[in-house]
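The next block holds one structure in the form of structure tokens; read it before the comments.
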2 protein chains.
Amino acid sequence: MVTEREFLDGYDPRAYPAVAVTVDIVTLTIRDGVLHVLLVERGEQPQAGRLALPGGFVREETLDQAALRELAEETGILPRVHLEQLATFGDPGRDPRMRVVSVAYLAFAPHLPDPIVGGDAAAARWTPVEAATGLAFDHDAILAAGLERARAKIEYTPLATAFVGEEFTIAQLRGVYTAVWGEEPHAGNFHRKALSVPGFITDTGATTERGGDRGGPRSKLYRAGDARILHPALLRPAQERR
Amino acid sequence: MVTEREFLDGYDPRAYPAVAVTVDIVTLTIRDGVLHVLLVERGEQPQAGRLALPGGFVREETLDQAALRELAEETGILPRVHLEQLATFGDPGRDPRMRVVSVAYLAFAPHLPDPIVGGDAAAARWTPVEAATGLAFDHDAILAAGLERARAKIEYTPLATAFVGEEFTIAQLRGVYTAVWGEEPHAGNFHRKALSVPGFITDTGATTERGGDRGGPRSKLYRAGDARILHPALLRPAQERR
DNA sequence: CCATGTCCTTCTCGATCTGAGATTAACTCG
DNA sequence: CGAGTTAATCTCAGATCGAGAAGGACATGG
């Protein structure tokens, strides 16, 4: 096997072309029913002023720890964030200065206060994903991969609950699917399925204090269950094929 | 953003701790109804004599190209191989000598001749996945991730066809699911679903020359269709939950 | 060449799930 | 109080599923 053998034969790390390993994070949340992604504004050339995904160098830590640390540095402490590895982007030339291999992460966050601008970013803000185009480097592609992963993953995992608070209504949960899919599931059928999938949501016995802003009864409050996967899955409506 | 800014400020690549980027490949095939993985025998210390996944350094190429090149070097030219990125493993200490970040790939191959031992590996062989334990470094974990990905992916994509020849019978296709899942789907229901899922398989009009080795009628031959995803999916039987 | 067993393919049938819409009742707002 | 909104439940026809069975076509061993 190449890797270890070459290392063994008195391999000198400095003799090889330098490769940098970074993490970039697609952090998604929902604000006012619209899916938003956390972006930072680049303060330096190249691509100064352009928006980019937050990220940075991997230090003496695991990749997961690097992603968590960068996220905390950009936005302050993040409670109840789901973080998972997305994919790795390493085309030569994706960064004009040297070979940079970036391990992309995907984070799902409940509604958070505006990010506290960390030490490195010139500015950080939540941006509707529809408006998040023209990002620096290949971050458009990374974001697209993150969105597709998110859209697929809420089908068969309970990760939609990571977008809402600890207690939530079924309507709020439906709002997550609407925002992520860009399409509203049938309310009655969604209700039936959310309740029938084992381990998805559990009844707290409590209800909201008020009805909806424009009327309607108080709704029951639920908590996330302990299921890791949803069976049967909540499939997207009108999945166009081919 | 950290990455580019630090690079910008007169970043010297050699000033940072060296990181090596490699690819490791989980190559799966089916032989005699049993799922096999391609392993190489390490010829050098450490872990000499241990089995490991084939892989090696990333050169001036994309990550995908690196995986394809390494695979070709280990096994000769591979026709009709499906290759996809699996996950990236980068824990400090996963290689005792230096920081190695490995981008793992997953390959699905039809029945192939025994691998041509490439220049680097001491030996290369197909090993039943059940027997592939105690691999070097963290390759047990990489293999486990690959197997889980494969088991999930044949549910909702037509990738099972990557394990069989260009023309195949429904029974052969069912054999793929049996080998990957370790459980045999109901033959009649599998037949019905395979035919009813749009774009999964297309009839060639031909049949096999002979019946099965132990009897039975000749079976019709099919080719892979053009669907990228299977809808509805072919779900695993008896998916134990919780 | 016949008996036996294999197994591809199709069919049956009840149980379950799904999508689309309707209904009821609780609630807010003006 | 009246009108509009919405959570929660119900209805129902069509699709899908799991499990089993039936019908042939075929190989093998006497």
Side-chain angles (χ1 to χ4, degrees), chain A residues 33 155-156 164 167-178 181 183-198 200-223 229-241, chain B residues 33 155-156 164 167-178 181 183-198 200-223 229-241:
Chain A
E155 286 190 323
Y156 60 94
V164 293
E167 298 198 338
F168 51 88
T169 69
I170 291 183
Q172 287 171 343
L173 196 59
R174 178 160 44 87
V176 172
Y177 284 85
T178 304
W181 285 342
E183 192 169 5
E184 178 152 30
H186 182 288
N189 294 340
F190 181 87
H191 203 98
R192 176 179 59 191
K193 284 212 72 168
L195 285 174
S196 71
V197 175
F200 188 21
I201 58 177
T202 61
D203 200 330
T204 64
T207 66
T208 53
E209 299 272 323
R210 292 173 37 89
D213 286 344
R214 294 186 304 218
R218 302 179 182 182
S219 37
K220 296 184 189 172
L221 287 169
Y222 297 85
R223 238 185 285 270
I229 52 172
L230 303 184
H231 183 74
L234 285 140
L235 296 180
R236 275 176 268 197
Q239 278 190 78
E240 298 311 327
R241 310 286 171 176
Chain B
E155 285 189 324
Y156 60 94
V164 293
E167 298 199 337
F168 51 87
T169 69
I170 291 184
Q172 287 171 344
L173 196 59
R174 178 159 46 84
V176 172
Y177 283 86
T178 304
W181 285 342
E183 191 169 7
E184 178 152 30
H186 182 289
N189 293 340
F190 181 87
H191 203 98
R192 176 179 57 189
K193 284 212 70 169
L195 286 174
S196 70
V197 174
F200 187 21
I201 57 177
T202 61
D203 200 331
T204 64
T207 67
T208 52
E209 298 273 323
R210 290 174 37 90
D213 285 344
R214 294 187 304 222
R218 302 180 183 182
S219 37
K220 297 183 189 171
L221 287 171
Y222 297 86
R223 236 186 286 271
I229 52 174
L230 303 185
H231 184 74
L234 285 140
L235 295 180
R236 274 176 270 198
Q239 278 191 77
E240 298 309 327
R241 311 286 172 177

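Below, read A as the first sequence line, B as the second, and so on, with proteins coming before strands; counting in each chain starts at 1. Since we're looking at a predicted model, the values are computed, not measured. Heavy atoms only: backbone and side chains are in, while hydrogens, waters and symmetry mates are out.
The shortest non-hydrogen separation linking B:L234 to B:W181 is O-CH2, 3.3 Å. The two atoms that bring B:E183 and B:P185 nearest to each other are O-CD, 3.5 Å, heavy atoms only. Nearest heavy-atom pair, A:L230 versus A:E155, reported as atom, atom and distance to 0.1 Å: CD1-O, 3.9 Å. Summarising the geometry of A:L173 relative to A:F168, their closest heavy-atom pair is CD2-CE1, 4.1 Å, with the distance given to 0.1 Å.
The shortest side-chain heavy-atom distance between B:P237 and B:E184 does not fall under the 4.5 Å cut-off. In this structure, B:P198 and B:H231 have side chains that are not in contact, with every pair of non-hydrogen atoms separated by 4.5 Å or more. At least one side-chain heavy atom of A:L195 sits under 4.5 Å from a side-chain heavy atom of A:H191.
Note that the first and last nucleotides of DNA chain D, 5' to 3', having any atom under 4.0 angstrom from a heavy atom of chain A are D:dG4 to D:dT11.
Atom NE2 of A:H191 and atom P of C:dC17 are 17 Å apart (whole Å). Atom P of nucleotide C:dC7 and atom CZ of B:F190 are separated by 16 Å, given to the nearest angstrom. The CZ atom of B:F168 sits 16 Å away from the C1' atom of C:dC8 (whole-angstrom rounding).
For B:D213, the CG atom counts as loosely surrounded, since its 6.0 Å shell holds 12 or fewer non-hydrogen atoms of other residues, nucleotides or ligands.
At distances below 3.5 Å, not a single donor-acceptor pair connects side-chain atoms of A:K220 with backbone N or O atoms of A:T204.
Residue B:L221 is tested with B:I170, B:I201, B:T207, B:T169 for a side-chain contact (heavy atoms from CB on, under 4.5 Å); the sole match is B:T169.
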Original post:
Can you give one letter per nucleotide of nucleotides 19-30 of chain C, 5' to 3': B if a protein heavy atom sits under 4.0 Å from the base, S if only from the sugar-phosphate, - if neither?
Top reply: BBB----BBSS-
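Stem list for DNA chain D (at least 3 consecutive Watson-Crick or G-U pairs, distances under 3.5 Å): C:1-30 with D:1-30.
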